[in-house]
Chemist: 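Provided herewith is a single structure, encoded as structure tokens, for subsequent inquiry.
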Amino acid sequence: MNQQDKTNSRRVKHAAYASMASVVGSKRAWSRAVLSKIRNRSLLLKKKKKKRRRRSSDEFGELRKIVPGGQLMNFYNLLDETADYINSLTSQVQVMKNILNLLST
């Protein structure tokens, strides 16, 4: 995969995340985190540096890294947001498969 393909792939991924988060809106913490990331990437980089310094090494650290906004959630909210995020990702994969099938015919 060349650099142009990687760039295009990244753009498609960001567009898919943006549309998925826009559909869900501000109801869920992960969608708010994704929308915030899209709106203000430079501020997010500064926040990430601060979070890295204060990040705890609890047993759900990996899950907190995967779910957008998970670093700031308690255990129960993290599990709830994770379930919703998985459902949204599953829907996103299905939509992308449908687009691929449509374009390949």
Side-chain angles (χ1 to χ4, degrees):
M1 183 180 270
N2 64 29
Q3 186 63 29
Q4 183 65 30
D5 290 340
K6 288 180 183 178
T7 301
N8 288 339
S9 176
R10 202 173 311 123
R11 286 181 181 161
V12 168
K13 177 183 169 185
H14 288 301
Y17 276 132
S19 62
M20 184 174 62
S22 294
V23 168
V24 173
S26 62
K27 292 182 245 175
R28 307 302 297 193
W30 70 262
S31 62
R32 288 191 302 271
V34 169
L35 292 171
S36 173
K37 182 177 181 180
I38 291 167
R39 288 185 192 119
N40 223 338
R41 288 190 180 272
S42 65
L43 286 178
L44 184 68
L45 291 175
K46 291 176 186 176
K47 287 181 183 179
K48 278 187 175 181
K49 287 180 184 177
K50 288 181 184 177
K51 285 180 188 175
R52 269 189 231 135
R53 286 185 218 129
R54 65 184 171 137
R55 184 182 294 157
S56 65
S57 59
D58 66 348
E59 55 206 42
F60 298 99
E62 289 300 314
L63 185 59
R64 290 180 191 284
K65 291 178 192 176
I66 294 170
V67 176
Q71 295 88 353
L72 304 175
M73 293 178 203
N74 66 31
F75 172 73
Y76 297 106
N77 288 342
L78 179 64
L79 291 181
D80 184 49
E81 291 295 327
T82 301
D84 187 69
Y85 189 56
I86 290 170
N87 288 334
S88 294
L89 290 174
T90 303
S91 298
Q92 179 183 352
V93 168
Q94 188 59 45
V95 167
M96 290 180 145
K97 283 181 181 177
N98 292 341
I99 291 171
L100 180 63
N101 289 336
L102 181 68
L103 293 177
S104 65
T105 56

Chemist: Determine whether Val24 and Trp30 satisfy the following criterion, side chain to side chain contact (heavy atoms under 4.5 Å, CB included), listing intermediate values before the conclusion.
Modeler: CA-CA 9 Å; Val24 173; Trp30 70 262; 3.7 Å; yes
Chemist: Each residue besides Ile99 in its hydrophobic cluster should be listed here, by chain and number; the cluster joins Ile, Leu, Val, Met, Phe, Trp and Tyr at side-chain heavy-atom distances under 4.5 Å.
Modeler: Val95, Leu103
Chemist: What closest approach, in Å, do Pro68 and Ala33 show between heavy atoms, and which atom pair accounts for it?
Modeler: C-CB, 3.5 Å
Chemist: Could you state the interatomic distance from OG (Ser31) to CD (Glu81), rounded to the nearest 0.5 Å?
Modeler: 7.5 Å
Chemist: Determine whether Tyr76 and Phe60 fall in the same hydrophobic cluster, where Ile, Leu, Val, Met, Phe, Trp and Tyr are linked whenever their side-chain heavy atoms lie under 4.5 Å apart.
Modeler: yes
Chemist: Who pairs with Asn101 by side-chain hydrogen bond (donor to acceptor under 3.5 Å, both in side chains), at least two apart in sequence or on another chain?
Modeler: none
Chemist: Is it the case that one hydrophobic cluster holds both Ile86 and Val34, taking links as side-chain heavy atoms less than 4.5 Å apart, direct or via other members?
Modeler: no
Chemist: Rounded to the nearest 0.5 Å, how far apart are CD1 of Ile66 and OG1 of Thr82?
Modeler: 8.5 Å
Chemist: For Asn77, which residues count as a side-chain contact (heavy atoms from CB on, under 4.5 Å) partner, sequence neighbours excluded?
Modeler: Met73, Asn74
Chemist: Check side-chain contact (heavy atoms from CB on, under 4.5 Å) between Leu89 and all other residues, then give those that pass, not counting sequence neighbours.
Modeler: Tyr17, Met20, Tyr85, Gln92
Chemist: Going by the salt bridge (Lys or Arg N to Asp or Glu O under 4.0 Å) test, which pairs reach into residues 68-80, not counting sequence neighbours?
Modeler: Arg28-Asp80
Chemist: Of all residues at least two apart in sequence or in a different chain, which pass the side-chain hydrogen bond (donor to acceptor under 3.5 Å, both in side chains) check with Asn87?
Modeler: none
Chemist: Give, for atom NZ of Lys65 and atom CD of Gln71, the distance between the pair rounded to the nearest 0.5 Å.
Modeler: 9.5 Å
Chemist: Would you list the pairs meeting salt bridge (Lys or Arg N to Asp or Glu O under 4.0 Å) in which at least one residue belongs to residues 90-105, sequence neighbours left out?
Modeler: none
Chemist: Is there a continuous path of hydrophobic side-chain contacts, each under 4.5 Å between heavy atoms, that joins Val93 to Met96?
Modeler: no
